[in-house]
Amino acid sequence: MAADPRFDILFEPVQIGPKTLRNRFYQVPHCTGFGVEKPWSQAAHRAVKAEGGWAAVCTEYCTVSSDADETPYISARMWDDHDLRHLAVLTEAVHAHGALAGIELSHSGAHGENCETRLPPPAPSQIASDFSNITPKRMEKLDIDRIVSDWVQAAIRSRNGGFDIVYVYGGHSYLLGQMLSPFYNQRTDEYGGSLENRARMWIETLAAVRDAVGSDCAIACRMAVSAAGGPGVELDEGLEFVRMADHLVDLWDVHIGSILEWSKDSGASRFFAEGWQLEWTGHVREATAKPIVGVGRLTTPERMAEIIESGVWDLIGAARPNIADPFIPEKIREGRYADIRACIGCNMCVSKGDVRRHIGCTQNATAGEEHRRGWHPERFDRAANADRDVLIVGAGPAGMECAIVLGRRGMRRVRLVDAADEPGGLTRWVPRLPGLAEWDRLRTWRLGQLAQLPNVEIETGVRMDAAAVRAAGADLVVIATGAAWAGDGRNGVTRGAIPGADASLAHVLTPEQIMLDGKRPPGSRAIVLDCEGYFMGAGMAELLRGQGHEVELVTSCEKVAPLCDETLEGPILRRHLHDLGIGMRAEAWLTRIGAGGADGETELGDTFAVEADAFVLVTQRVSDEALYLELAAAGMDGVYRIGDCVAPRLIADAIWDGHRLGREIDSPDPARPLPHLRERPGLDADPLTAVR
Ligand code: ADP
Ligand code: SF4
């Protein structure tokens with residue numbers, strides 16, 4: 001397909017200080033869970049983006065001092081030459097693909113938990129962090145000077161390690177942003193009070209870093225131009241700061257929000273439309289003629305070109321869109337627009353990278369696996385057993401992903417069969433839950449890819465039993481039959497089913513019965529019982545409320561949807577449910593369900609009774625494994641299972657599992673994942689002579 005000349009503007013080079021970006025695609029800093037602890041994973045993850053055509057690829061936040069120790073989170077560090085060596089692996093890998101490497105030098109200030117170093121975190125004033133609830137040390141002038149000097153040392157190391165772009169980062173209410181913030185900065189000396197005083201440390205740091213490395217590296221400044229109601233500055237002061245510091249900056253990297261309200265920056269699609277940040281960051285041009293990069297989960301070339309043409313930004317920044325598809329620039333350049341694996345805005349990457357300490361992505365199974373499993377997002381080897389036919393039973397996310405990988409690996413024939421009228425499994429209906437429409441991209445992108453594979457056929461409306469599987473005569477069989485929400489309320493809290501919970505009764509319902517079978521809750525009062533703490537309980541509650549039911553969400557979790565806190569949706573979601581008039585009862589569960597009411601118990605042992613006409617059970621899912629077990633028991637060779645049919649899990653992990661089997665279908669035992677490369681400290685360095 002020929003590339004559309006409308007998008008040529010995206011491929012123009014941009015000068016930033018002494019460096020030139022080859023085009024306008026810019027990977028802004030984002031977390032991975034790799035830091036300096038997993039240098040090879042870090043390097044390979046960033047290198048793939050460079051290969052995919054991004055002009056610049058940056059690290060995550062990288063602290064400059066040991067009193068900015070981010071543990072329990074994993075950040076990069078540039079404290080000494082050992083860190084430099086680990087990060088230099090990244091610059092070399094990125095340069096090999098023609099991209100510039102950026103390092104987001106930072107200091108956490110009040111937010112740093114310093115769990116490892118046990119040092120008191122320095123901050124403008126002794127005001128507890130709104131994010132970590134740590135009460136910091138008020139910085140003395142000596143502390144300020146020392147941190148500026150640490151920043152310069154880290155910048156020099158960065159330059160020596162091959163970084164092209166050095167950040168003086170104060171975004172997301174980190175230390176320099178705290179200095180700027182009237183909430184965090186209540187000083188009465190020359191660093192507090194007026195905007196000029198609050199900006200002083202940031203400007204001193206910019207000047208010192210520029211003096212040290214400005215002729216070799218581009219100096220980037222990342223800031224929240226509006227804290228959007230959080231602790232920081234609002235747009236008028238944000239723009240004024242840009243004017244004040246402009247002479248020291250080669251690239252403005254702008255966003256909104258603070259670390260506690262990071263949800264407004266890395267906005268989930270449930271609440272934020274693509275490009276929402278432009279309402280604020282679209283004004284930065286009023287304050288500077290220097291290059292500007294912004295973000296907003298942008299995935300379509302039309303929108304990107306429109307933004308550049310409007311002149312508000314010079315560069316299209318991306319974190320999530322390039323995690324979901326590291327090859328967006330190359331695909332646009334080649335005119336392969338439909339192949340772009342567009343981010344769905346679920347923020348599972350945030351949960352996995354930050355809280356779970358190893359990045360992963362719902363859309364892109366290869367994210368985070370580039371080094372340790374050698375998975376490339378666009379390259380697939382021909383399978384050693386490509387002369388075999390494969391039957392995949394179940395076209396949910398796991399089955400579809402496996403079919404794509406096997407199709408690309410050149411298997412002679414891949415039959416993907418599903419009992420439903422259309423492929424997609426749970427991704428057929430989850431996007432119909434309130435706010436989750438963008439999740440439909442999971443299904444539509446996969447269907448688009450499958451349609452391009454001549455060796456893959458999809459059959460729907462065909463339910464396969466063991467006899468049908470045998471009769472199909474495939475050499476290899478993959479069972480991907482998924483899982484369903486339990487109809488008996490089984491759960492890990494009461495460690496069993498709930499007496500009276502029986503989804504064959506009119507007043508007890510499961511999510512699938514509501515979404516697929518058209519079963520309606522009787523009466524006006526519904527209780528959703530959620531023991532999972534993710535999107536389904538809240539989704540059911542909002543759906544039924546929208547249909548006019550009085551809804552109470554009862555959850556055994558410490559709050560409604562705690563997993564949504566990891567995806568930055570939690571606080572907004574709970575406020576949203578509250579505003580809709582949905583009742584919420586946390587740390588409680590039901591011990592008996594009957595027609596018209598239920599009994600329950602709280603974490604503290606108090607019992608309660610509730611009246612309701614209907615009960616929706618979101619307690620746990622149960623694998624649909626009968627077909628697999630029957631085939632395995634009959635001793636059939638070459639039968640494997642993937643996805644929720646093995647164990648119910650996140651969509652991201654079901655897709656990952658399907659991808660894994662496809663990648664390893666020609667391994668000695670495809671049922672058993674190949675060992676992955678682990679990065680761990682060795683014993684070769686003598687601890688007594690280790691560098692201090
Ligand atoms: P996963 O997340 O593991 O991909 P899903 O539950 O989303 O699982 O999808 C499983 C799919 O398998 C559903 O679309 C379902 O219709 C299909 N399925 C289940 N059992 C059979 C069967 N015996 N024959 C054909 N398709 C089946
Ligand atoms: Fe986008 Fe979700 Fe992937 Fe993150 S995990 S990049 S939000 S699709």
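Side chains included, hydrogens not; waters and symmetry mates left out as well; all remaining heavy atoms used. Start at 1 and go down the list; that is how both ligands and their atoms are numbered. This chain uses plain numbering: 1 for the first residue, then up along the sequence.
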Point to revise | Test: E274 and R303 ion pair at under 4.0 Å | key: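 R303 and E274: not salt-bridged.
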
Practice item. Give a yes or no on whether a salt bridge exists between R574 and D565, defined as a side-chain N under 4.0 angstrom from a carboxylate O. Key: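 Between D565 and R574 there is a salt bridge, with a charged N closer than 4.0 Å to a carboxylate O.
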
Check your understanding: Any idea which protein heavy atom is nearest atom 2 (Fe) of ligand 2, and the distance to it?
Key ->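 Checking every protein heavy atom, the shortest distance to atom 2 (Fe) of ligand 2 gives C346 SG, 2.4 Å.
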
Side chain, backbone, both or neither: which part of [X] has a heavy atom under 4.0 Å from ligand 1?
X    : answer
T481 : both
A419 : both
A480 : backbone
A483 : backbone

Check your understanding: Do any heavy atoms of V462 fall under 4.0 Å from ligand 1?
Key ->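 Checking ligand 1 against V462, which is what was asked, there is a heavy-atom contact under 4.0 Å.
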
Practice item. Would you indicate which of C343, S269, C361 comes nearest to atom 3 (Fe) of ligand 2 when only heavy atoms are counted? Key: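 It is C361 whose heavy atom sits nearest to atom 3 (Fe) of ligand 2.
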
Review point. Less than 3.5 Å between some nitrogen or oxygen of C645 and one of ligand 1, yes or no?
Key: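 The answer is no, given that C645 and ligand 1 share no N or O pair closer than 3.5 Å.
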
Check your understanding: Would you say C349 reaches atom 1 (Fe) of ligand 2 with an N/O/S atom under 2.8 Å?
Key ->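 Within the cut-off used here (under 2.8 Å), C349 places no N, O or S atom near atom 1 (Fe) of ligand 2.
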
Exercise for review: Provide the closest heavy-atom pair for D325 versus D339 in the form atom of the first, atom of the second, distance.
Suggested key: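 Looking at all heavy atoms of both residues, the shortest contact is OD2-O, 3.7 Å.
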
